[in-house]
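Proteins come first, then strands; the chains are lettered A, B, ... in the order of their sequence lines, and each starts at number 1.
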Amino acid sequence: MVTYVLLSASTIDINYYADKSVSYIVATDAGGGYDAYARLIGGYLEEKLNAEHVIIRNIPGAGHYIGANTLARSDPDGLTIGTFNAGLIYGQLTNNPALQFDLRELTWIGKAAGEPRAVIISTNCSIKTIHDLLNAQDPVPFSGAGIGSASYADTRLLSEALGLNIKIIPGYGGTESEMAMMRGEICGQVGSTSSAQSFVDAGYGNFILSVGGTISGVPNAIDFAVDNRAKQIIQLITDMAELGRITAAPPNIPIKQLNSLRTAYENALKDPRLIAEARRMGRPIEPAYGENVADLVISALNQPPETLEIIKNAIGLGDP
Amino acid sequence: MDILGIFEALIQVIGTPNHMLLILIAVPVGMFFGAIPGLGGKLGVVLAIPFVFGMDPIAGAIFLISMHSVVHTGGAIPSILFGVPGTGPDAATIVDGLPMTRKGEAGRAIGAALGASGVGGVIGGLFLIAVMPLLRPVVLAFGPAEFFFLALFGIMFIALLSGDSLVKGLTVGLFGLMLAFINLDPQTGAQRYTFDFLFLWDGIDIITAVLGIFALPEMIALGTTGGSIAQVQEKATYGIKGVLKGVHDVFSHWGLTIRTSIIGAFIGMIPGLGGDAASWICYGHAVQSSKNPEQLGKGAVEGVIAPETANNSKEGGSLLPTLFFGVPGSSGMAILLGAFVMLGLQPGPSLALTGMETVWTLIWALMIANIIAVVMFFAIAPCFSYLSYVRGNLLIPFVFILTCLGSYLSHRAWENLIVLILLGVIGHLMKKHHWPRPPFVIGLILGPIMEDSFHKAMALWGPSFVLRPGAITLVALTIISFSIYFWRKVDTNNEIK
């Protein structure tokens with residue numbers, strides 16, 4: 001511990017990075033949240049590391065698994081970092097064979113922001129409050145992304161924890177579910193608060209429950225958890241939400257490069273220019289660094305057997 | 001509607017040198033991103049964002065929208081010359097564009113593509129101005145049930161694109177549909193025919209499939225027969241005449257041009273169907289409405305005009321839900337939406353109350369960019385047609401690299417190259433034995449839309465989804481449209497007898 005504190009106080013190895021390029025893997029296609037954060041942070045990281053370039057490498061596919069696997073397989077020389085959906089934790093908990101490494105072994109650099117979730121209800125729907133939803137007699141149609149995806153799992157887990165009478169219609173990716181809510185065929189969704197904010201601001205929907213964050217005037221999911229099991233599930237969704245926009249490096253990178261990357265990442269996210277730019281882009285910055293992020297990942301991965309069973313049922317991956 | 005406001009916005013765009021300069025810069029950049037296979041408009045906008053950061057919001061938005069709106073104008077060029085589509089929606093242009101090049105009409109095909117793209121962009125924009133008051137009810141009328149029948153309508157075009165043998169066409173179409181099932185089942189999450197390969201989880205990449213089925217077989221054929229792509233004896237000349245003829249074709253087929261522009265803008269306006277569907281549905285419509293449908297696929301100019309008008313008009317279409325609902329219709333528009341927010345524009349319903357001037361400005365910028373793209377490339381278009389006279393052994397390595405690059409870049413997966421080769425072999429056998437290839441792409445593109453919307457519609461309404469008003473209307477339109485086609489065909493056959 002003492003060694004770590006001493007080392008983390010060290011400065012960036014600018015000579016090592018001076019004539020080198022760093023690859024920043026993004027596990028999605030160009031565009032979208034993960035790409036936007038990487039491009040924003042990458043520019044400042046280049047400056048803080050004194051690297052020749054920080055190159056964004058989009059490696060999309062298979063719900064972030066391809067990009068994350070590529071990152072884990074990269075050389076541990078401090079010249080490759082990457083960002084992907086923290087929802088891969090669900091993949092590890094359910095032993096999804098697509099995840100070809102152990103998330104505990106990655107070297108965690110930090111996270112730029114969390115992604116608090118919320119229940120969003122369309123203004124076309126007869127359900128207006130969380131109490132209406134809790135007491136719904138008929139199944140309420142909710143949209144979900146593809147089965148097996150992290151957002152689908154969040155919806156199923158929340159429904160399981162609070163005993164919601166909802167019917168999830170899968171296959172609504174991206175903003176499709178917002179259109180479906182406007183058309184009235186879908187009543188609500190469990191989604192990222194920041195993504196749904198403009199939809200709510202436009203008057204098409206309302207937040208009726210927050211999960212893993214706070215929204216003024218909106219009750220929190222944890223207050224409706226009636227037993228320990230429900231609390232554990234909501235805590236898991238909260239942990240995942242808190243992780244949000246993570247950045248990691250391959251396992252076993254030398255301590256010198258690790259400290260350089262962590263320090264540069266922290267300096268980048270504290271840079272007032274980056275904060276101003278992020279505000280303009282509508283991207284929140286709520287950073288955490290190094291070991292704190294590693295602790296969050298390990299905490300999310302340590303689930304008791306009964307919660308694991310619920311997650312396996314909730315994710316509902318079909319047989320290969 | 002504030003007519004004065006609409007024209008004030010036009011004057012603001014034309015009268016501001018800064019705005020016009022930005023459009024002039026954006027147009028070649030957009031066409032470049034369209035012309036290089038695998039890059040596309042989405043990546044173009046992402047890379048341009050840092051350059052517009054800090055600009056005046058309207059100026060920045062004009063730059064991005066101008067760039068994004070002409071991507072398919074550039075994408076048509078490699079489709080016509082080499083059978084290598086610059087972007088997915090340009091694939092339909094290959095079917096007649098490449099045979100035109102073989103006949104020595106590359107200039108005419110490029111002229112038609114340029115003209116159709118420009119006119120499509122402008123008519124699409126004008127159509128949007130006209131339908132704006134009806135935007136909300138029209139867009140919200142299309143849900144999963146209607147998507148299912150629209151996709152079914154498109155899939156029925158397989159019958160029209162089968163050439164001489166319906167059995168061959170249906171077999172190829174079903175093969176495309178079969179490959180569309182390679183992915184993670186959206187309903188159960190189960191892997192379907194992925195053989196544990198992660199890159200197949202998202203399905204067969206459309207660009208790779210089109211390159212394999214169209215581009216590689218053409219190169220193999222060129223390699224075995226020798227000579228150049230243009231299989232004519234005449235000498236290559238700087239043929240502005242051909243380009244002019246192509247542009248003239250667009251106006252002489254004015255009915256088709258207007259119809260496919262409107263269909264394209266309409267499909268673009270409905271989020272969820274995608275650009276690939278727009279160009280193939282319009283291509284099918286060209287076959288259906290042609291007086292000589294048997295000529296389509298053999299180098300008929302209508303086959304270039306229809307998909308190219310649709311490609312550009314749909315861009316304006318998808319701009320509307322993005323601006324007014326704040327809900328982007330496609331992934332490209334999602335990035336554009338993010339860029340607008342970053343620039344300080346706030347798309348959403350409040351725009352109709354406070355920012356109509358911005359909307360008109362952007363629609364005008366889109367139309368002007370389309371016109372400038374035509375003018376700018378008009379003079380150099382004949383130079384492109386020279387490439388069709390280059391000897392095959394010089395051209396094949398270049399096109400092969402372009403093909404591999406397009407396949408790799410479209411999904412950043414090297415495994416796509418294996419799929420490319422496999423489909424290339426299948427495409428070669430299809431070409432050699434005269435099996436029609438377009439039905440394959442239609443099955444591959446529309447299959448997932450049909451499957452996904454069928455499952456959603458069944459989960460929401462059960463089998464009664466077929467009785468929804470929109471569904472019944474679409475079924476009726478499909479029956480009427482196909483009846484007219486077959487009636488005309490029977491009539492023509494009788495006349496011949």
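- The environment of CZ in B/F32 is sparse: at most 12 heavy-atom neighbours from other residues, nucleotides or ligands sit within 6.0 Å.
- When side chains are defined from C-beta on, A/Y172 counts as touching B/P144, because their heavy atoms get closer than 4.5 Å.
- At a 4.5 Å heavy-atom cutoff, the contact between B/L47 and chain A is made by side-chain atoms alone.
- Side-chain atoms of B/L460 and A/I186, non-hydrogen and from C-beta on, do get closer than 4.5 Å to each other.
- Between A/A98 and B/L198, the shortest heavy-atom contact is CB-CD2, 3.5 Å.
- The candidate from B/R192, B/K456, B/R136 with the greatest count of non-hydrogen atom pairs under 4.5 Å with chain A is B/K456.
- For the options B/S453, B/A413, B/G143, heavy-atom pairs under 4.5 Å to chain A are most numerous at B/G143.
- Distance check: B/E146 CD to A/R183 CZ gives 8.0 Å after rounding to the nearest 0.5 Å.
- Of the residues considered (A/A36, A/G43, A/P60, A/A180), A/P60 shows the highest number of contacts with chain B, using heavy-atom pairs under 4.5 Å.
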Given A/I169 and B/H455, is the side-chain contact (heavy atoms from CB on, under 4.5 Å) satisfied, shown in steps?
CA-CA 9 Å; A/I169 317 282; B/H455 281 302; over 6 Å; no

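- A heavy-atom distance below 4.5 Å is found between the side chains of A/R39 and B/V46.
- Residues B/W201 and A/N96 come closest through the heavy atom pair CH2-OD1, 4.1 Å.
- Contact annotation: the side chain of B/V139 never approaches that of A/M182 to less than 4.5 Å [non-hydrogen atoms, C-beta and beyond].
- Contact of A/N69 with chain B is made through the side chain alone, with heavy-atom distances under 4.5 Å.
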